[in-house]
Amino acid sequence: MWFIGVDGTMRTYDVIYNVVRRIPYGQVATYGQIADLAGMYGKARLVGYALYRVVVDSDVPWHRVVNAQGRVSESPFRNGSDALQRVLLEAEGIQFRADGTLSLREYLWRPDVLENNP
DNA sequence: CCGTTGACGGCGA
DNA sequence: ATCGCCGCCAACG
């Protein structure tokens with residue numbers, strides 16, 4: 001499998017990426033939520049570190065991860081991927097408020113509810 | 001083996 | 001509400 005290293009070990013960040021891959025189209029998850037689901041409760045920042053390493057054209061839907069305020073985390077180090085993130089989310093039907101936040105109540109992924117269903 | 005590097009979140013003033 | 005502070009850590013050179 002692509003997420004297992006040649007030595008057979010799955011790296012820490014790969015565990016995080018695998019959770020991110022489960023976020024459904026049109027929904028979002030928070031950094032803290034991903035950490036929790038990855039068995040790294042309280043380590044939201046680690047998720048941020050991991051996503052920083054992801055390349056834009058990755059198979060990991062990195063754009064579906066926002067912060068606990070329902071806002072795209074911006075940083076000059078992201079070199080524009082933060083602006084792209086909003087564009088990609090809007091392309092999935094997610095609407096942003098005037099203050100730059102999105103409705104977590106409406107778009108937050110709830111894994112426990114039912115994975116796939118219309 | 002270090003030193004550097006960064007997409008968070010919660011809590012207090 | 002809106003700041004600042006701080007815990008926390010894998011990957012890379």
Side-chain angles (χ1 to χ4, degrees):
Chain A
M1 301 282 236
W2 28 262
F3 53 84
I4 302 290
V6 286
D7 58 354
T9 59
M10 185 185 296
R11 289 148 68 203
T12 301
Y13 283 1
D14 289 322
V15 176
I16 292 172
Y17 299 147
N18 286 338
V19 176
V20 174
R21 275 187 262 255
R22 294 175 48 210
I23 307 173
Y25 179 97
Q27 292 185 243
V28 300
T30 65
Y31 294 91
Q33 181 184 6
I34 296 300
D36 199 358
L37 292 170
M40 306 174 191
Y41 181 77
K43 301 179 185 175
R45 195 166 190 178
L46 191 59
V47 175
Y49 297 151
L51 289 181
Y52 174 77
R53 312 274 182 174
V54 175
V55 288
V56 170
D57 62 4
S58 164
D59 62 311
V60 177
W62 55 270
H63 61 284
R64 298 187 187 135
V65 184
V66 297
N67 60 36
Q69 289 74 242
R71 189 184 293 275
V72 168
S73 287
E74 296 177 19
S75 165
F77 294 99
R78 294 188 61 175
N79 199 232
S81 75
D82 40 9
L84 173 62
Q85 181 171 359
R86 173 171 173 152
V87 172
L88 292 175
L89 289 176
E90 289 177 326
E92 295 191 4
I94 292 176
Q95 296 185 297
F96 284 78
R97 304 189 184 93
D99 66 356
T101 64
L102 54 79
S103 171
L104 287 177
R105 254 202 335 189
E106 184 175 3
Y107 304 115
L108 187 68
W109 176 39
R110 293 174 178 79
D112 48 303
V113 177
L114 295 173
E115 283 283 319
N116 37 316
N117 198 42

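Every heavy atom of this structure was used, including side-chain atoms; hydrogens, water molecules and symmetry mates were not. Every chain is numbered from 1 and lettered A, B, ... according to where its sequence line falls, protein lines coming before strand lines. Given the structure is predicted, the values throughout are model-derived calculations rather than measurements.
Regarding A/Asp99, its CG atom lies at a distance of 10 Å from the P atom of C/dT2, rounded to whole Å. A/Met40 has its CE atom 17 Å from the C1' atom of B/dG9, to the nearest Å. The distance from atom CZ of A/Arg71 to atom C1' of B/dG9 is 15 Å, rounded to the nearest whole Å. Here the P atom of nucleotide B/dG10 and the OH atom of A/Tyr31 are 14 Å apart, to the nearest Å. Between A/Arg11 atom CZ and C/dC9 atom C1' there is a gap of 14 Å when expressed in whole angstrom units. Put simply, CZ on A/Phe77 is 12 Å from P on B/dC8, counting in whole angstrom units. Counting to the nearest Å, the P atom of C/dA10 and the OH atom of A/Tyr17 are 13 Å from each other. At whole-Å resolution of the value, CD in A/Gln69 and C1' in B/dC8 are 9 Å apart.
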Return a table of donor-acceptor pairs under 3.5 angstrom between the side chains of residues 29-38 of chain A and protein atoms on other chains or two or more places apart.
| residue | atom | partner | partner atom | Å |
| --- | --- | --- | --- | --- |
| A/Thr30 | OG1 | A/Gln33 | N | 3.1 |
| A/Gln33 | OE1 | A/Thr30 | N | 3.2 |
| A/Gln33 | NE2 | A/Trp109 | O | 2.7 |

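Using a 4.0 Å cut-off on heavy atoms, the residues of residues 46-56 of chain A that approach DNA chain C are A/Leu46, A/Tyr49, A/Arg53, listed by number. The stretch residues 79-91 of chain A does not touch DNA chain C, since none of its heavy atoms comes less than 4.0 Å from the strand.
Chaining together hydrophobic side chains whose heavy atoms lie under 4.5 Å apart places A/Leu102 alongside A/Val28, A/Val66, A/Val72, A/Leu89, A/Ile94, A/Phe96, A/Leu104, A/Tyr107, A/Leu108.
For A/Val87, there are no side chain to side chain contact (heavy atoms under 4.5 Å, CB included) partners, not counting sequence neighbours. A search for side chain to side chain donor-acceptor pair (under 3.5 Å) contacts involving A/Thr101 returns A/Arg97, A/Asp99, not counting sequence neighbours. In this view, A/Tyr49 and A/Arg45 satisfy the side chain to side chain donor-acceptor pair (under 3.5 Å) rule, not counting sequence neighbours. Remark: A/Thr12 engages no residue in a side chain to side chain donor-acceptor pair (under 3.5 Å) (not counting sequence neighbours).
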Tabulate protein N/O versus nucleotide N/O from nucleotides 11-13 of chain B, keeping only pairs under 3.5 Å, one per line.
none

Just the table, please: protein N/O against nucleotides 3-7 of chain C N/O, every pair under 3.5 Å.
| residue | atom | partner | partner atom | Å |
| --- | --- | --- | --- | --- |
| C/dG7 | O6 | A/Arg45 | NH1 | 2.2 |
| C/dG7 | N1 | A/Arg45 | NH1 | 3.3 |

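Once rounded to the nearest 0.5 Å, the distance linking CG of A/Leu84 with CH2 of A/Trp62 reads 4.0 Å.
The two residues A/Pro61 and A/Val20 have their closest heavy-atom pair at CG-O, 3.3 Å.
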With both pairing distances under 3.5 angstrom for Watson-Crick or G-U wobble, and | for a partner in another strand, the correct string for DNA chain C is .||||||.|||||
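Within the structure, every side-chain polar atom (N or O) of A/Lys43 is placed at least 4.0 Å from both OP1 and OP2 of B/dC8.
Each side chain to side chain donor-acceptor pair (under 3.5 Å) pair with one or both residues in residues 85-95 of chain A, not counting sequence neighbours, appears once here: A/His63-A/Glu92, A/Arg64-A/Glu92, A/Arg78-A/Gln85, A/Arg86-A/Glu90.
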